[in-house]
Amino acid sequence: GLDECKLFDPTALPRFGQVPPVHRGAWLDQQVLAWLGKAHVEWPRRRSTPARPLDPIQDVQVLVGVHDGPLGVQAVNRYLKAILNPVKPGEAVVRIGGREGYDCTVGDKVIQGENDYPRAVMNGMVGRVVAIKAQPSGERGVLVQYEEREHPVEYATRRELNQLELAFAYTVHRSQGSEYAITLVPVHETYGPLLNKTLIYTAWTRAKQAVGVFGDRRLLERGIQRND
């Protein structure tokens, strides 16, 4: 079972009262992102043992309620990418994820966004970018290693690259059936009615060792009481 469960509530900080009410929403969002990033790096380092080392990218998963908004999938992924695997000067970059996509580099954790039957890559498969490969057209593609596959899968065309998204964070819905050593869960008012008992239970039970919840305690308490 879990041996560590923590709630990180920025509204409990003394300096929260010093923030003008008109700015509190943005301040809370930035505080939650900062704590998420710090926990993502420090928790696996602190919990690693010689027999079971934990990788901050592979063994930690951030689970969020929605795609858009200040603490949605896209915003959290961009923030965590800059902390966990930032683009280095001169490093090859490939755009993935379509119109609202991401700049992807070697080492990124990515998720397949749809079923691609000809290549036997299914929606929800999570892997790591192991190489960036120049194409005859002059464009760049990526090679992704999945646990389910012996060899890396190549994404060469724009259509194939659009199937990928960053996976430092994804929705609780996508996580069903999976387990992670450490799960980090932000809560935010933009999650609306989706922040209910089922979503919180699902996110919480994905963790094998530790879970951290980040946000206003009152939102969490209301969500736990909501059964819809």
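This one's a predicted model, so the numbers in the text were calculated from it and none came from an experiment. The first residue of the sequence shown is numbered 1, and numbering continues consecutively from there.
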**Message:** Taking transitive links into account, so neighbours of neighbours count too, which hydrophobic residues share a cluster with Tyr201 at under 4.5 Å side-chain distance?
**Reply:** none
**Asked** Are the side chains of Val62 and Phe168 in touch, meaning some heavy atoms are under 4.5 Å apart?
**Response** no
**Request:** Scan Arg47, Arg52, Arg45 and name whichever one has a salt bridge (Lys or Arg N to Asp or Glu O under 4.0 Å) with Asp59.
**Result:** Arg52
**Item:** Asn115 (side chain) donor-acceptor with Tyr117 (main chain) under 3.5 angstrom
**Value:** no
**Prompt:** Just by distance, do the side chain of Asp116 and the backbone of Glu160 share a donor-acceptor pair under 3.5 Å?
**Reply:** no
**Message:** Is the shortest side-chain heavy-atom distance between Gln31 and Phe214 below 4.5 Å?
**Reply:** no
**Request:** Say whether, by atom type as modelled, one donor and one acceptor occur between the side chain of Gln61 and the main chain of Ala167 under 3.5 angstrom.
**Result:** yes
**Asked** Going by atom types alone, do Glu154 and Gln135 pair a side-chain donor with an acceptor below 3.5 Å?
**Response** yes
**Message:** Ignoring hydrogens and geometry beyond distance, is a side-chain donor-acceptor pair present between Tyr155 and Gln112 at under 3.5 Å?
**Reply:** yes
**Message:** Is any side-chain heavy atom of Leu195 closer than 4.5 Å to one of Ile200?
**Reply:** yes
**Fill in**
Rounded to the nearest 0.5 angstrom, the CG-CD1 distance for Leu84 and Ile57 is 5.5 Å
**Asked** Can a salt bridge be assigned to the pair Arg159 and Glu114 using a cut-off of 4.0 Å between side-chain N and carboxylate O?
**Response** yes
**Request:** Say whether Thr171 and His173, considering side chains only, have a donor N or O and an acceptor N or O under 3.5 Å apart.
**Result:** no
**Message:** Check this for me: does any side-chain nitrogen of one of Arg128 and Asp55 sit under 4.0 Å from a carboxylate oxygen of the other?
**Reply:** yes
**Message:** One thing to verify: whether Glu4 and Lys6 come together as a salt bridge, which I'm taking to mean a side-chain N less than 4.0 angstrom from a carboxylate O.
**Reply:** yes
**Request:** Flag the pair Cys104 / Leu164 as yes when at least one side-chain heavy-atom distance between them is below 4.5 Å, and no otherwise.
**Result:** no
**Item:** Spatial distance of atom CG (Leu54) from atom OG1 (Thr49) [nearest 0.5 Å]
**Value:** 7.0 Å
**Prompt:** Is the NZ or CZ atom of Arg24 both under 6.0 Å from the centre of the six-membered ring of Phe16 and within 45° of that ring's axis?
**Reply:** yes
**Asked** Do Arg174 and Asn123 have side chains that get closer than 4.5 Å, going by heavy atoms?
**Response** yes
**Request:** Give, for atom CG of Asp103 and atom NZ of Lys81, the distance between the pair rounded to the nearest 0.5 Å.
**Result:** 8.0 Å
